[in-house]
Amino acid sequence: MYASRIDIPDHTRKAAIRLLQARLSDALDLDAQLKQAHWNVRGMGFFGLHQLFDAVHGEVEGFADTLAERIATLGGVADGRVQTTAVRTQLYEYALQTVAGEDHLRAIAAVLAQFGKSLRADIDAAAALPDADTADVLTEVSRATDKQLWFVEAHLSGA
Ligand SMILES: [Fe+2]
């Protein structure tokens with residue numbers, strides 16, 4: 001960890017970085033999963049879903065950046081290596097054989113919901129450290145994640 005003039009004790013910064021890094025690995029996995037859906041969806045409604053998954057991908061890319069930059073702000077090293085992401089992600093693995101739009105929608109909805117659930121737990125953990133600013137960063141990402149989940153779930157009539 002780097003030294004900083006920031007008025008947050010080292011042990012608090014370290015604990016916040018740990019929370020943020022776990023979600024960064026998830027966000028980078030989610031980023032790749034959305035491209036997986038964008039490239040491989042087939043069938044009726046292809047074009048709309050192809051575009052939807054890319055739009056969600058753009059949002060998720062922003063989440064990873066926000067999380068990584070809070071890590072750097074706190075004097076940590078943001079680990080965005082694909083090897084680290086593969087080992088550390090807590091999201092479901094994307095099924096390579098997914099084809100139909102509805103199956104891609106369900107797969108993406110499932111990982112967005114997982115990501116949102118973890119973020120919500122982390123908001124409370126960060127507030128308890130206490131690091132209100134990290135809690136705020138996590139809240140921002142979690143609120144935006146919930147909105148993306150709505151966009152995806154709205155394509156699944158009542159399911
Ligand atoms: Fe594309």
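Bear in mind the structure is a predicted one, so any value in this text is a computation, not a measurement. When a residue number appears, it is its place in the shown sequence, counting from 1. Numbering of ligands and ligand atoms starts at 1, following listing order.
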Under 2.8 Å from the Fe ion (ligand 1), which protein N/O/S atoms are there?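 Listed by chain and number: H38 NE2.
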Salt bridge (Lys or Arg N to Asp or Glu O under 4.0 Å) contacts in which one or both residues fall within residues 124-145, not counting sequence neighbours: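 Qualifying pairs: R70-D131.
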Check the side chains of H57 and D31 for a donor-acceptor pair under 3.5 angstrom, ignoring hydrogens and angles.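 On atom types as modelled, these side chains qualify, holding a pair under 3.5 Å.
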Kindly indicate whether the side chain of Q114, heavy atoms from C-beta on, has any atom under 4.5 Å from the side chain of Q90.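 When only atoms from C-beta onward are counted, Q90 and Q114 do not touch, as no gap falls below 4.5 Å.
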Would you say that F63 contacts F115 through its side chain, given a criterion of any heavy-atom pair below 4.5 Å between the two side chains?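 Sidechains of F115 and F63: in contact.
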Got a sec, which residues hit side-chain contact (heavy atoms from CB on, under 4.5 Å) with T84, two or more places apart in sequence or on another chain?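 Here the qualifying residues are Q21, S25, D79, R81, R88.
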Qualifying residues under side-chain contact (heavy atoms from CB on, under 4.5 Å), relative to H50, sequence neighbours excluded: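 With sequence neighbours excluded, H50 shows a side-chain contact (heavy atoms from CB on, under 4.5 Å) to H38, V41, F46, F47, given in chain and number order.
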